[in-house]
**Q** 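Quick one: the structure is below, and I'll ask about it shortly.
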Amino acid sequence: KAVENGEIGESVTVELGFLQLNGLTLAGFPGETFHATAQAVKNAFPERDICTLTEHDRTVMYIPPVEEYALGGYESVCMTTAPGAEEILREKAIGVLEQFLL
């Protein structure tokens, strides 16, 4: 389940942003992602200099990796997506970034 525009639904749409400046790639994520998300993206492209950025305007709130839920932090309580959302975001971001870096 996800919350979008105040309504509970099956999915939420997010936008990713990528920008290349010289040899640096900026990868922008919605909401607040975690180090694990950034590290997974960076590990997928070890030959690239990638900086991940998060947007904190509460677009989709927090996007914690599934292992964060067991820790019981406020991020897992305040999130607006299901526990598997981070893995989906991670996979989609890597796929889109592969196309972007061609």
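FYI, the numbering just counts along the sequence from 1.
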**Q** Does the side chain of Thr52 reach to within under 4.5 Å of the side chain of Thr33, using non-hydrogen atoms?
**A** no
**Q** Just wondering, do Val41 and Phe29 contact through their side chains at under 4.5 Å, heavy atoms?
**A**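 Yes, side chains in contact.
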**Q** Report yes or no: do Phe100 and Leu53 belong to one cluster of Ile/Leu/Val/Met/Phe/Trp/Tyr joined by side chain heavy-atom distances under 4.5 Å?
**A** no
**Q** Within this structure, what is the CD-CZ distance for the pair Gln20 and Phe18, rounded to the nearest 0.5 Å?
**A**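 Atom-to-atom, Gln20:CD and Phe18:CZ are 10.5 Å apart.
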**Q** With a 4.5 Å cut-off on side-chain heavy atoms, are Leu89 and Leu16 touching?
**A** yes
**Q** Do Leu97 and Ile50 make a side-chain contact, defined as non-hydrogen atoms from C-beta onward lying under 4.5 Å apart?
**A** yes
**Q** Between Glu32 and Thr54, do the side chains contain a donor N or O and an acceptor N or O under 3.5 Å apart?
**A**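 Result is no, nothing qualifies.
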**Q** Between Thr37 and Ile63, is the side-chain contact (heavy atoms from CB on, under 4.5 Å) condition met? List the steps.
**A** CA-CA 9 Å; Thr37 309; Ile63 309 172; 5.9 Å; no
**Q** Could you check whether any side-chain N or O of Arg48 sits under 3.5 Å from a backbone N or O of Leu101, counting only pairs where one atom can act as donor and the other as acceptor?
**A**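 Side chain of Arg48 to backbone of Leu101: a pair is present.
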**Q** May I ask you to test the Leu19-Thr25 pair for a side-chain heavy-atom distance under 4.5 Å?
**A**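 Not in contact.
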**Q** Would you please test Glu68 and Phe34 for side-chain contact (heavy atoms from CB on, under 4.5 Å) and show each step?
**A** CA-CA 9 Å; Glu68 290 290 324; Phe34 285 61; 3.8 Å; yes
**Q** How many angstroms lie between CD in Glu86 and CD in Glu67, if you round to the nearest 0.5 Å?
**A**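 It comes to 7.0 Å.
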